[in-house]
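Atoms within a ligand are numbered from 1 in the order they appear, just like the ligands themselves. In what follows, residues are counted from 1 in the order of the sequence shown.
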Amino acid sequence: MRGGFVLAVLTVLCHGHVLRQDEIELEWWESTIFYQIYPRSFADSDGDGIGDLKGITSKLEYIKEIGAGAVWLSPIFQSPMYDFGYDISDFYAIHDEFGTMEDFEELLTKADSLDIKIVLDLVPNHTSNESIWFQEALKGNEKYYNYFVWEDGIIDENGEMQPPNNWLSHFRGSAWEYKEEVGKYYLHQFVVGQPDLNYRNPDVVEEMNNVIRFWLDKGVAGFRVDAVNCLFEVDKDMFGGKYPDEPFSGRTDVDPESHDYLSHIYTKDQNETYYMVYQWRNVFDEIAAKDGLPRVMMTEVYASIQDVVKYFGEGDQIGAQVPFNFDLITDVDASSSAADMKRAIDKFLTYKPLEKKPNWVVGNHDQSRMATRYGSSLVDGINMIVLLLPGVGVTYMGEEIGLVDGYVSWEDTVDPSGCNTNDPINYVTSSRDPERTPFQWNAEKNAGFSTADKTWLPVAEGYETLNVEVQKAAERSNLKVYQALADLRQDSVFRYGRYDSLAINHDVFAFRRWYKADTYIVLVNMRDMSHEVDLTYFENVTGDVSVVIRSVHSPKSEGDVFDASTVPVAPYEGIVLKLL
Ligand code: NOJ
Ligand code: MG
């Protein structure tokens with residue numbers, strides 16, 4: 001409160017007038033593109049078939065070239081890889097398949113020289129069952145026993161021990177695992193090898209704060225925070241000391257082992273979660289105050305919009321700058337209409353606090369790739385949406401070249417979410433391997449990802465023509481469109497400008513950005529149908545528009561001029577127009 005007041009007074013003194021919202025200098029994270037790298041699949045430097053840190057370091061120029069200013073790395077910490085790094089056995093060490101601490105420091109130095117920020121992945125909800133903490137807990141060390149969530153089993157009518165209640169793992173089956181050594185069950189909301197930490201224990205809170213400090217002190221620019229809404233389970237003291245069963249979700253399309261079978265009213269979205277996030281933000285800001293670099297927090301939460309925006313915080317309780325907005329993953333796809341798209345975009349803009357920045361995410365290592373979900377013809381159009389809407393843009397590696405899901409046979413499947421189905425036919429609907437297949441650099445062996453004879457996941461078919469090298473050489477490509485969009489994004493219109501949108505008809509979604517005298521209109525035709533659209537439905541739009549950027553297959557040229565009342569739009573075309 002007081003800080004804000006002092007700042008306001010200073011602002012008036014310095015500038016003679018109070019700055020408008022659209023004149024305030026942006027922090028580094030507010031206008032950048034965050035590029036997510038899944039380290040196992042990006043670039044393999046040592047030929048073991050698994051991507052690594054040196055591989056990433058060698059490709060940082062590429063990240064610079066496409067115009068991203070920050071990289072978020074999925075977990076690089078020591079791990080037995082039951083969940084490919086989301087099961088961390090040592091939060092303070094680099095996983096050996098990825099390299100060493102020196103390799104990581106080199107990566108940081110090189111990134112810094114290119115002015116690329118590095119964001120790591122914090123996995124606070126659970127550790128690996130191979131962590132020292134869990135191992136100590138099993139040995140009866142009370143301090144570490146209390147790091148985890150333990151519960152007595154139930155003896156059934158046959159005298160057999162059963163899990164404490166009906167809670168289910170995200171990866172199917174009971175969320176409880178019995179430990180002989182302890183004589184109790186521990187909670188694991190994810191795989192058996194991911195015991196949940198107990199956030200009602202202040203020691204756990206302090207330990208995770210230290211993990212945050214350790215990496216931020218090294219110069220890391222922030223964290224993406226994993227599975228945040230699973231941090232707290234209901235307080236069992238409110239239920240006579242026993243965790244209560246969760247109710248049936250009502251979903252008859254899933255079997256009783258599936259996570260979706262239950263409604264997670266006791267294991268997700270508990271109120272305490274938000275306060276933990278605000279508490280973390282204080283730690284982030286404490287480090288930022290020391291070295292002057294604002295640290296960014298990005299939270300991974302699939303929940304109702306009302307709950308997602310709570311992570312921003314309010315008033316004195318400040319939370320994440322980037323609570324991931326997954327609406328463009330969960331609410332729209334290739335079958336959506338322009339109106340569906342408008343509604344999905346307006347949703348986050350409507351619910352977020354006025355003074356906070358929106359963010360746009362269309363893919364990650366847990367979701368079928370953007371080009372697969374929307375169709376390859378829409379890649380440029382979707383990138384226009386992600387990069388030209390107000391706020392933060394997030395790109396999952398490969399979206400800039402329209403990478404599609406790879407085919408991974410049942411034999412080659414390694415993701416626990418696929419393997420745990422035990423179903424050689426239907427595993428594909430659960431497996432996340434298809435969106436994790438290796439990055440496609442060129443037409444050489446393994447798409448230039450690795451020199452190994454076998455890569456940890458197979459390279460997707462078609463890499464000979466769908467890769468970075470081909471798209472760099474081509475006169476027109478998804479990559480070139482992406483670069484043009486990333487450039488244009490630097491313009492004040494996109495950094496500060498206002499926004500409105502229209503579903504022009506069933507197929508064509510249009511949005512406008514404007515600042516001072518400049519106005520841009522972006523058109524995305526979501527269908528295989530030609531249209532002629534009238535942009536004067538936008539208030540104050542009349543006269544001519546000219547083409548600034550167009551999708552790969554657009555029949556237009558840069559500089560073409562149209563009357564705003566009759567703009568032709570080709571099937572699946574994406575166009576950025578400037579009002580003349
Ligand atoms: C979300 C991560 O993105 C996913 O890959 C992981 O399996 C779970 N959280 C558990 O950490
Ligand atoms: Mg390697």
Using a threshold of 4.0 angstrom between heavy atoms of the protein and any atom of ligand 1, which residues qualify? Asp83, Tyr86, His126, Phe171, Phe190, Gln194, Arg224, Asp226, Glu300, His365, Asp366, Arg432, Arg436
Within the 2.8 Å cut-off the protein N, O or S neighbours of the Mg ion (ligand 2) are Asp44 OD1, Asp46 OD1, Asp48 OD1, Ile50 O, Asp52 OD2
Audit row: Met298, Val119, side chain to side chain contact (heavy atoms under 4.5 Å, CB included) steps and yes/no: CA-CA 9 Å; Met298 318 171 87; Val119 170; 4.3 Å; yes
Sole residue of Phe223, Tyr396, Tyr38, Phe324 in ring pair (Phe, Tyr, Trp, His ring centres under 6.0 Å) with Trp72: Phe324
The single option from Tyr92, Phe98, Trp215 passing ring pair (Phe, Tyr, Trp, His ring centres under 6.0 Å) against Phe77: Trp215
Before you tell me yes or no, could you show the steps for Tyr243 and Tyr266 under ring pair (Phe, Tyr, Trp, His ring centres under 6.0 Å), namely the whole-Å CA-CA distance, both residues' side-chain angles and the distance that decides it to 0.1 Å? CA-CA 8 Å; Tyr243 288 118; Tyr266 299 132; 9.4 Å; no
Is the ring pair Trp133/Phe91 parallel, tilted or perpendicular, if the boundaries are 30 and 60 degrees? parallel
So Tyr145 and Trp150, would you call those rings parallel, tilted or perpendicular, with 30° and 60° as cut-offs? parallel
Polar contact flag, side-chain donor to acceptor under 3.5 angstrom, Gln36-His365: yes
If you look only at pairs with a residue in residues 58-86, which of them pass as a salt bridge (charged side-chain N to carboxylate O under 4.0 Å, His left out), with sequence neighbours excluded? Glu61-Lys110, Glu65-Lys472, Asp83-Arg432
Check side chain to side chain contact (heavy atoms under 4.5 Å, CB included) between Lys268 and all other residues, then give those that pass, not counting sequence neighbours. His170, Asn229, Cys230, His259, His264
